[in-house]
Every structure is written in C-alpha cells, then in structure tokens.
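Have a look at the structure below, then the notes.
Just so it is clear: chains get the letters A, B, ... in the order the sequence lines come, proteins before strands, and each one is counted from 1.
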Amino acid sequence: MEPRFLVAPPPDEATLLTRAQSLAGYTLGELAQQAGIVTPTDLRRDKGWVGMLLEMHLGASAGSKPERDFAHLGVELKTIPVDAQGRPLETTFVCVAPLTGNSGVTWQNSHVRHKLARVLWMPVEGDRALPLASRRVGAPLLWSPSPEEEDLLRRDWEELMDMIVLGQVERITARHGEVLQIRPKAANSKALTEGIGERGEPIMTLPRGFYLKKSFTAPLLARHFLL
DNA sequence: TTCTGATCATAG
DNA sequence: CTATGATCAGAA
C-alpha cells in the first residue's frame with residue numbers, strides 16, 4: 001500500500017487525542033474508503049496494514065524513519081488488536097534488540113524506554129472471524145508508564161540486556177521477562193545479524209526484537225475501560 | 001486454547 | 001541488512 005498523507009500532522013497532543021477519539025467506532029472498511037485505499041482480504045500478507053491506515057488518519061509521518069510517529073510531540077502510535085472484551089490478542093512489538101555495541105547503554109538511554117515514554121494506543125477489533133473491513137476502532141488511550149510499570153520494564157530490560165552482553169543471546173527465549181520479552185524479528189529464520197558468542201567472540205545470529213507481553217498491555221487497557 | 005518462534009511487505 | 005508496521009501458525 002502507498003503511504004499518503006490524509007491529514008496534516010497534529011500541532012499538539014490535545015489535537016492528536018481529539019482526532020484519535022473521532023476515529024473510535026468507525027470500521028476499518030470505512031476508514032480505508034476515506035483514505036482511498038483497498039482493504040485486503042486478510043492480514044496474512046499485509047501485517048502492518050491497520051497501523052498504516054491509522055497513521056494516515058492521524059497525520060503520522062509516513063515511511064520507515066527511525067523516529068517516533070509524532071516526533072515533534074514525542075508520541076509513538078501503537079495499534080493493538082483486541083477481542084470483544086477489549087483484551088489484547090497479540091504481543092506488542094517495541095523495537096529491535098541491540099546485540100552489539102551496548103557499552104554505555106543503560107535503561108535511561110535505551111530505545112525501549114524512549115519508545116514507550118508516551119504512547120497513543122489504538123485498540124482495534126482483531127478477532128480473525130471478523131472480516132477485516134468490518135472490524136471497528138476502539139477508544140484510544142494516551143499513556144505514559146507509571147512508576148510501577150516503568151520499574152517492571154526496567155527490571156526485564158536489564159535482565160535481558162545482561163544476557164545479550166554476556167554472550168547468552170542464543171539462550172534467551174520468549175519465556176524470559178515478566179512483561180517484556182525477546183523474540184525473533186526477521187524476514188525469516190535464515191536472516192542473520194551480528195551478536196556476541198559464549199566466549200565473547202562475534203557470532204551471526206537471528207535478529208531479535210523486544211515485545212510487550214499481553215500480561216502488561218491487558219491491565220493497561222483494562223484500567224482505561226474502567227475510567 | 002495459548003504461546004513461542006517464524007514470518008510478510010515495503011523503503012532505503 | 002535495518003527499520004517501519006505487526007500477525008501468523010505450529011507446537012505445547
């Protein structure tokens with residue numbers, strides 16, 4: 001799909017939130033029609049389609065820049081598929097896990113912390129039994145981690161980064177971490193990137209990414225629905 | 001049924 | 001390959 005600007009970038013956070021709230025209740029088919037793009041049959045070959053569609057409606061920067069969606073506002077946009085009860089159906093990708101060049105990297109200056117400092121969550125019905133075009137957008141949530149949430153994230157990040165730095169990247173599984181996990185993030189299982197081996201030597205290994213577990217995002221969204 | 005590892009498209 | 005956007009689908 002071709003990235004296009006449907007609306008101008010929002011000048012401030014309040015405008016962004018108002019605009020996001022105005023999308024609630026619409027179906028993806030309606031939003032696609034307004035954007036002048038075709039709704040795919042399913043997401044198997046268009047996994048980022050929903051995210052790109054909402055980016056267009058919210059005036060996020062198009063393309064693949066290594067910046068936040070609303071750089072001038074310091075806000076990151078995340079669409080999250082939810083079930084009929086508003087519970088997340090998938091984990092949430094945060095960013096690629098750096099496997100080398102980590103000297104001097106701390107939680108405070110980490111990519112994970114910066115990406116999650118301010119997030120606009122857009123829940124979207126994600127039940128695969130629902131045709132893509134008839135899935136509805138839910139009420140958005142503009143969020144920053146509470147001190148407790150940030151502490152959970154920091155502890156997992158430190159544990160996982162320790163393993164990477166100590167040459168144990170290939171022993172990391174999705175079971176590590178309470179709320180933040182590391183899983184493959186690649187085109188396929190043949191993709192390789194540089195990492196650190198057991199004896200500190202350079203190795204080629206699968207690229208990994210940080211993901212938020214559903215156990216983290218579920219209460220975050222639930223709290224929102226209670227307010 | 002849930003979760004972990006694998007995968008898809010596109011731009012640069 | 002890396003970064004953007006994530007969901008798929010087989011194994012447990």
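- A straight line from CG of N188(A) to P of dT2(C) spans 13 Å, rounded to a whole angstrom.
- Closest to the E90(A) side chain, of the nucleotides dA3(C), dA6(B), dT7(C), is dT7(C).
- Within the nucleic acid shown, A191(A) comes within 4.0 Å of sugar-phosphate atoms alone, with no base atom in reach, counting heavy atoms only.
- One finds a side-chain N or O of T79(A) lying less than 4.0 angstrom from the OP1 or OP2 phosphate oxygen of dA6(C).
- Using a 4.0 Å heavy-atom cutoff across all strands shown, V96(A) reaches sugar-phosphate atoms only and no base atom.
- With dG5(C), dT4(B), dA9(C) as the candidates, the nucleotide lying closest to the side chain of R128(A) is dA9(C).
- Among the atoms of the strands shown, base atoms are found under 4.0 Å from some heavy atom of K185(A).
- Of the listed nucleotides (dA6(C), dT4(C), dT2(C)), dT2(C) has the atom at the smallest distance from the side chain of T193(A).
- Within 4.0 Å of D69(A), counting heavy atoms only, lie sugar-phosphate atoms of the nucleic acid but no base atom.
- Rounded to an integer number of Å, the gap from H176(A) NE2 to dG5(B) C1' is 15 Å.
- Within the 3.5 Å criterion, the main-chain N or O of L116(A) finds no donor-acceptor partner in the side chain of K78(A).
- In the set dT4(B), dG5(C), dA6(C), dT4(B) carries the atom at the smallest distance from any side-chain atom of R175(A).
- OP1 or OP2 of dC3(B) has at least one side-chain nitrogen or oxygen of K214(A) nearer than 4.0 Å.
- OP1 or OP2 of dT7(B) has at least one side-chain nitrogen or oxygen of S189(A) nearer than 4.0 Å.
- Side-chain proximity of R44(A) to dT2(C), dG5(B), dA9(C): nearest is dA9(C).
- Within the nucleic acid shown, E194(A) has no heavy atom closer than 4.0 Å to any nucleic acid atom.
- No donor-acceptor contact under 3.5 Å links the side chain of R208(A) to the base of dT4(B).
- The interatomic distance linking L132(A) (CG) with dA6(C) (P) rounds to 14 Å, in whole Å.
- Nucleotide dT7(C) holds its P atom 13 Å from the CG atom of L53(A), rounded to whole Å.
- As a whole-Å value, the separation of K190(A) NZ from dA6(B) C1' is 9 Å.
- The nearest whole Å value for the distance from the CD1 atom in I80(A) to the P atom in dA6(C) is 10 Å.
- Protein atom CG of L99(A) is 10 Å distant from nucleotide atom P of dA3(C), rounded to whole Å.
- Partner of E76(A) under the salt bridge (charged side-chain N to carboxylate O under 4.0 Å, His left out) criterion, chosen from R113(A), K115(A), R68(A): K115(A).
- Within the structure, a side-chain polar atom (N or O) of R45(A) is placed less than 4.0 Å from OP1 or OP2 of dA9(B).
- Taking atom CD of Q181(A) as the reference point, atom P of dC3(B) lies 10 Å away to the nearest angstrom.
- A salt bridge does not link E159(A) with R155(A): none of the charged nitrogens is closer than 4.0 Å to a carboxylate oxygen.
- Among the protein residues, L206(A) comes within range of the sugar-phosphate backbone only, with heavy atoms under 4.0 Å from sugar or phosphate atoms but none that close to a base.
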